[in-house]
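What follows is one structure encoded as C-alpha cells, with my remarks underneath.
Letters A, B, ... are given to chains in the order of the sequence lines, protein chains preceding strands, and every chain is numbered from 1. Everything numeric here is computed off the predicted structure, so don't read it as measured data.
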Amino acid sequence: MTRLGADRMLELAEAALAVDGVDEVEALLLRGSGGLTRFAGNRIHQSTATEDLEVRVRAVVDGNRVGVASTHDASPTGARQTAARAREVAHAIPPDPGYPGMPGPAAYPDAGRYDEATAATAPAERAELIAGVIERLPDGVTAAGTLETGELEVAVANSRGVRGAYATTRATFSILADAGSGTGYAEAVEPALAELPVDALGGRAAEKAVASRDPRDLQPGAYPVILEPAAVATMIEFLGYLGFGAKAYHEGRSFLTGRLGSQVADPSVTILDDGLAPDTIGAPFDFEGVPKQVVTLIDRGVAANLLYDWRSAEEHGRQPTGHGLPAPSSEGAYPLNLTMRPGGRSAADLAAGLERGLLVTRFHYTNVVHPMETSITGMTRDGTFLVEDGKIVGGVKNLRFTQSILGALSAVRGISRETELIGEGSFTTVRCPTLSIASFNFSSATTF
Amino acid sequence: MEPADLAGLALDAATGDGAGYADVRYVEGRSEAITVQDERVEDLESGSTRGVGVRVLVDGCWGFAATAVLDEASLAATGKLAVEIARAAARLQNERVRLAPVEPVVGTWATPVGQDPFDMPLDDKIALLLAATEAQRSVPGLAYAQASLDLFRRRSVFVSSEGARIDQTVTQTGAGIEAVATGDGDLQRRTWPNSFRGQYEGGGWEAVLAMDLVSNGPRIAREAVELLAAPELPERTTTVILDGQQLALQVHESVGHALELDRIFGMEAGYAGTSFVAPDQRGKLRYGSELMSVTVDSTTPRGMGTFGYDDEGVPAQRTPAIVDGVLAGFLTSRETAAVLGEASNGTTRADGWGNLPLIRMTNVNLEPRQGRLEELIADTDDGVLLTTNKSWSIDDKRINFQFATEVAWEIRHGRLGRMFKNPTYDGRTTRFWGSMDAVCGPQDWKVWGTPNCGKGQPGQIARVSHGVAPARFRNVHVGVRA
C-alpha cells in the first residue's frame, strides 16, 4: 500500500501513449488505496482494505474516431495492451464530426492535500479511534458507522503534451447512534485524519439519539425547517445532478435551461464549485487534464454560470472550467466540489429564531420526482425534532418530503456562519451551512 | 500461473498467518458499454479488471483485503493484511462470528449463453443502436433519442480453507432505448423495455434481439412527445395496476431489501438502514394478501441473480420468503444463518474482487397467479395503469415508500383511456401488499433486471432480478405534489 508517486504514475502513462497507429492518445490513471473499518451494534463487523490502479486510455484514429478502453492491470504491458484495445475500438466507431481534439498542456494551480499519516493509517489505529467513541457512549446507546482513511493518486497524460499528476488523502467518519426509539447521526470528511473530530461527532450523534427518543406523530404538511448541513448537502448535490453542466443545459434537460441570468433562489444564496479550496478534497485539474477553475453557479440567487468540459467549451465558444469526467462521458461537465457560501448567524441562532417548525439532521434515500422543477422526495432520518419557541421539544416520527429544491432555496430566511464538509461514501464533497427555510413540504409520515 | 494457484498463494499466506477460516476470490471481469445519442456514438468503453479478494476469520473477527497486483509478494502481503485487519477488529468484539456449515464444493458453472455478446462485431452492435435512435427520430418533436448496450462477464475462482474450489463464469447482457421530449420548461422520457438503460438478463445477444429496439422506437418516441401535453395525474385514492417493470422495483425495495437478514440484524444500520421485519416473525407476520407469494431463487432462468454458487461457495437454490401473504424466510449468509441455527440459502455476493461479500438479492420473485393483463384491465372499473419506473424512495426500515413512473394510463369501465404525466404513488409496505387483489398469470410473468442495486460500505453495486406479472392494488394514494 505504498504511494506510487507522480513519476511512476506518469511512467506508466507513457507506456500507453507509446501506442502506434493513432492520431491522438490520452492515458488517465486512477490509483486508490486505503482501508475502511465498519462497525454496528458496538462491534467492528466488517473491515476492508483495497489497493487498485485503473488505467483508462482514449485513442483517436482517422482524426475523429474515438475509442476508450480500461484495465486494472497496472503493468506497462497492461497499459500498452489497453491502448491497443482503445485503438481497435476507435476503428469500429463512426466518425464524430464534433470531436474537438484533446487539450494541450497548461499550468496547474496548487490544490489537493496529501497527508502521509492519513495514507499510512493502520487498521489498529482506526479500531482504536472507534473503540474510544464507543466507550464514551451513554448507557443504552449503541452505534454503527465507518472510519475510512485512504489516498487517491491521479495522473493524466496525452499526446498533445499534457502531463499532470497529484495525490490527495481523505479521512471520513460517520456514526449513527441508536438509543432504542431514537437515533442520531453525524459525519465529517477531512483531508487528514488528525483533523477529523471523531470523538465530537460520536458525542453529537449520541446526544441526538437520546433527544429523539419516544418520537411523537406529526401531521404531514408544510413546516418551517432548520436543515442541518448533511440535509442541505443532499439538496445541493441533487442540483449538481440536475444540471449545472453546459451539455445538460443545451440539451434542454437542465433545470437551468432558459433561466441563466434569472433569479432562481433567495438573494442570500450563493453556490459555487471550488475544487481549489484548501478545506476540501481538492484537485488541480480535471480528468482531461484541464486546470480547475472556481465557478460561481448561483450568485446571490441568480443563475450565473455553467460548467464546461473540453468538448462543450469548444462547441459553445467558452473556456473549459476543469470539470470534465473520465472519458467516455455522456454526462458532460460535472461539479465535484460544490460549496454554499455561509451566512452571518450561528446555527444555534437559527434554531432559536424558529417559532414552530422542524429541525432535520439528514435525509435518506432521496430521488428526483420532476427534474425541471428540481422536485425531489426522500425521508428524514436520525434526528428529526419539533422546535417550539426556539427550543427543541422532542423528536418526531420521520417524515417524507416532496419538495422543489429551488423552492426551498427561494424560501431561505437564514444561513449559518458555520459550514461542514459532507461526502461520506461519495467521490464528491459538498461544503454547506445550516439553513433556516420558511416552508418545506412534508407529504407523508412513517411509523418510527 | 492459473487463477486457482494465484488464489492459493493468498490463501496459504492467510492461513499461515493465523486465519481460522479463509476464502479467496480471484475475479476477472470484462465489460462493454455503448451509448448512442441521435446519430452519434457518445460512449463506447471496453473494460477489463482482474484482482484478488481475501476474506479471513481470526478468533471470530472478519478481515478483508484486496489487490489488483497479482505477483507472489503482493498476494502474500494481501493475505497477511486481511489477518492484520481481523486482529485489529478484536479491539471491539462483543460476539464471535460463526459460520453455518456448507459442504465444500469442487465444481464449475457458466451462464447459458445463446450467442456470445462479446463475439459480436462492434460494427453490428453500433448499427443496431443507430437504427434504434433513427427509428425514434422519425417522430417529430423529440429533443433527442438514445440507445444503449451493456455487457458484463465475470469469471470468479473461489477457494476456501475448507477445501472448496469453484470456477464459474456469469454473462449478463442489457440494452434499451430512451426518447426525451422537452418544451415549456417540461421534460418527459419514455423508455423501452425498461428505464435506466433498459432490460438486463443473464445470457447473451439473444436477449437484445428479443427486445425489438427498432420497432418499438417510434411508439416510445410518440409517447414521450404526447406526455408533454398530457395532464398531470390528479391526487386521489384509487385502484392501481402496476406493470411488470414497476412492480419489479416495488418488490425490490419493499420486499427484497426488507428480508435481508444482515439488515434485520442491524449490520447495515449505519448506511442503508435496517428493516421493520424481526427474525422471530417468520410464520407470523402477515406481509400481504393471500395472493402474495415470494421466492428467493438463484436458479431462475435468465435472471441477473442466477449463478451456480454464491461468493461463499453455497449452491444456488430456491427458497420461500413469503407464502400466501405470510413471512416464510429471509435472504441469508453463512454468518447470519448461523445465528438462527440454519444453513445459508446462498445469497452472498461481492461487487468484483475488491469488496467484501454481503447478502444481496438474487432473483426475488413474486409468483404468478392467473389471468392476463388485458383481463385485469377489463375487470377494473376505475383506476390507473402505472408504467415503467421513473424514481423510487423508501424509508430506512422499508415501510414508507414513494415511487414515480413514466406514464399513468387512465382505466375507465375496463378500458385504457388517456395518459397522465408525472404520476406518483405512495404507501406503507404491509398495507400496500395487503391491498393486492389480483396478480396476473404465467403468460405475463417476466424476469426484470435491476442493474444498480447499491449496498454496503464501501459502496457495492449488484445486478439482481425480479420475476413478476402485473398486479392490482386497491385504495392507493396517487398524485403527490411538491
Side-chain angles (χ1 to χ4, degrees), chain A residues 36 38 40-52 67-73 85 89 92-94 96 123-124 127-128 130-131 134 144-146 174 176 251-253 328 330 364-365 367-372 375 377-379 381 398 400 402-404 425 441 443-444 446-448, chain B residues 35 37 40-51 61-69 81 84-85 88-89 91-95 122-123 126 143-144 180 182 185-187 266-267 269-271 354 356 391-397 399-400 402 404 422 424 426 457-459 480-482:
Chain A
L36 182 148
R38 195 176 192 206
N42 284 1
R43 75 179 171 103
I44 292 173
H45 69 311
Q46 293 170 3
S47 296
T48 61
T50 306
E51 181 181 23
D52 189 17
V68 176
S70 66
T71 184
H72 293 252
D73 177 351
R85 196 149 46 87
V89 170
I93 286 188
D96 176 4
E128 194 58 40
I130 293 166
I134 300 292
T146 59
S174 67
L176 182 147
E251 285 177 352
R253 61 182 167 86
S330 56
H364 169 79
Y365 218 151
N367 211 327
V368 177
V369 177
H370 195 306
M372 306 301 276
S375 167
T377 188
M379 296 296 300
R381 184 179 172 184
N398 287 298
R400 168 170 300 285
T402 305
Q403 169 70 47
S404 153
N441 183 47
S443 51
S444 63
T446 191
T447 59
F448 59 94
Chain B
T35 305
Q37 182 163 318
R40 189 167 85 85
V41 176
E42 283 234 318
D43 292 354
L44 199 166
E45 181 179 359
S46 162
S48 70
T49 182
R50 200 169 67 122
C61 290
W62 283 121
F64 177 86
T67 184
V69 181
L81 178 59
E84 181 191 343
I85 289 169
R91 173 69 179 82
L92 211 57
Q93 182 192 31
N94 52 21
E95 57 191 87
L122 261 181
D123 290 350
I126 291 168
Y144 60 88
V180 177
T182 57
D186 196 6
L187 180 148
M267 295 162 72
Y271 179 56
L356 186 68
S391 88
W392 60 94
S393 176
I394 190 164
D395 72 36
D396 58 285
K397 290 185 192 289
I399 298 171
N400 174 305
Q402 182 170 312
N422 302 330
T424 60
D426 61 303
Q457 294 170 298
V480 178
R481 289 275 172 283

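- Interatomic distance, OG of A:S330 versus CG of B:D43, reported as 4.0 Å (0.5 Å rounding).
- A side chain to side chain contact (heavy atoms under 4.5 Å, CB included) with A:H370 holds for exactly one of B:L187, B:T424, B:D186; it is B:D186.
- B:L81 approaches A:A49 most closely through the heavy-atom pair CD2-CB, 3.7 Å.
- Annotation: the span from A:F448 atom CZ to B:D395 atom CG amounts to 3.5 Å, rounded to 0.5 Å.
- For B:L44, the parts sitting under 4.5 Å from any heavy atom of chain A are the backbone and the side chain alike.
- By number of non-hydrogen pairs under 4.5 angstrom with chain A, the leading residue of B:D123, B:I394, B:L122 is B:I394.
- A distance-only check finds no donor-acceptor pair linking the side chain of A:T48 to the backbone of B:F64 [under 3.5 Å].
- When each of A:A131, A:G67, A:G378 is checked for heavy-atom pairs under 4.5 Å with chain B, A:A131 comes out on top.
- The greatest number of non-hydrogen atom pairs below 4.5 Å with chain B, out of A:D73, A:V89, A:N441, is found for A:V89.
- No other option in B:K397, B:E95, B:E84, B:R50 has as many heavy-atom pairs under 4.5 Å with chain A as B:K397.
- Looking at heavy atoms from C-beta onward, B:I126 lies in side-chain contact with A:I93 at the 4.5 angstrom threshold.
- To the nearest 0.5 Å, the span separating CG on A:L176 from OH on B:Y271 amounts to 13.5 Å.
- Interface remark: of the candidates B:A89, B:G266, B:A404, B:A89 forms the most heavy-atom pairs closer than 4.5 Å to chain A.
- Between chain A and the options B:A68, B:S391, B:G270, heavy-atom pairs under 4.5 Å are most frequent for B:S391.
- B:Y144 contributes atom OH, which lies 4.5 Å from atom CZ of A:R253 (distance to the nearest 0.5 angstrom).
- We find the CD-CZ distance between B:Q93 and A:R43 to be 8.0 Å, quoted to the nearest 0.5 Å.
- For B:T182, the part lying under 4.5 angstrom from a heavy atom of chain A is the side chain only.
- Counted by atom type alone, B:N400 and A:S444 present one or more donor-acceptor pairs between their side chains at under 3.5 Å.
- Taking B:P458, B:C61, B:A88, B:S393 one by one and counting their heavy-atom pairs under 4.5 Å with chain A, the maximum is reached by B:S393.
- Only the side chain of B:D426 comes within contact range of chain A, judged by heavy atoms closer than 4.5 Å.
- Ranked by non-hydrogen atom pairs under 4.5 Å with chain A, the options B:D396, B:T35, B:V180 are led by B:D396.
- Among the candidates A:N398, A:V368, A:T377, the residue making the largest number of heavy-atom pairs closer than 4.5 Å to chain B is A:T377.
- Atom CD of residue B:Q457 and atom CD of residue A:Q46 lie 8.5 Å apart, to the nearest 0.5 angstrom.
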Stepwise salt bridge (Lys or Arg N to Asp or Glu O under 4.0 Å) test for B:R40 and A:D96: CA-CA 7 Å; B:R40 189 167 85 85; A:D96 176 4; 3.0 Å; yes
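- Both the backbone and the side chain of B:N94 have a heavy atom closer than 4.5 Å to some heavy atom of chain A.
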Check against side-chain contact (heavy atoms from CB on, under 4.5 Å), B:V480 and A:R400: CA-CA 11 Å; B:V480 178; A:R400 168 170 300 285; over 6 Å; no
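- Ranked by heavy-atom pairs under 4.5 Å with chain B, the first of A:M379, A:R381, A:E251 is A:R381.
- Listed here is the closest heavy atom pair of B:G185 and A:M372: O-CB, 3.2 Å.
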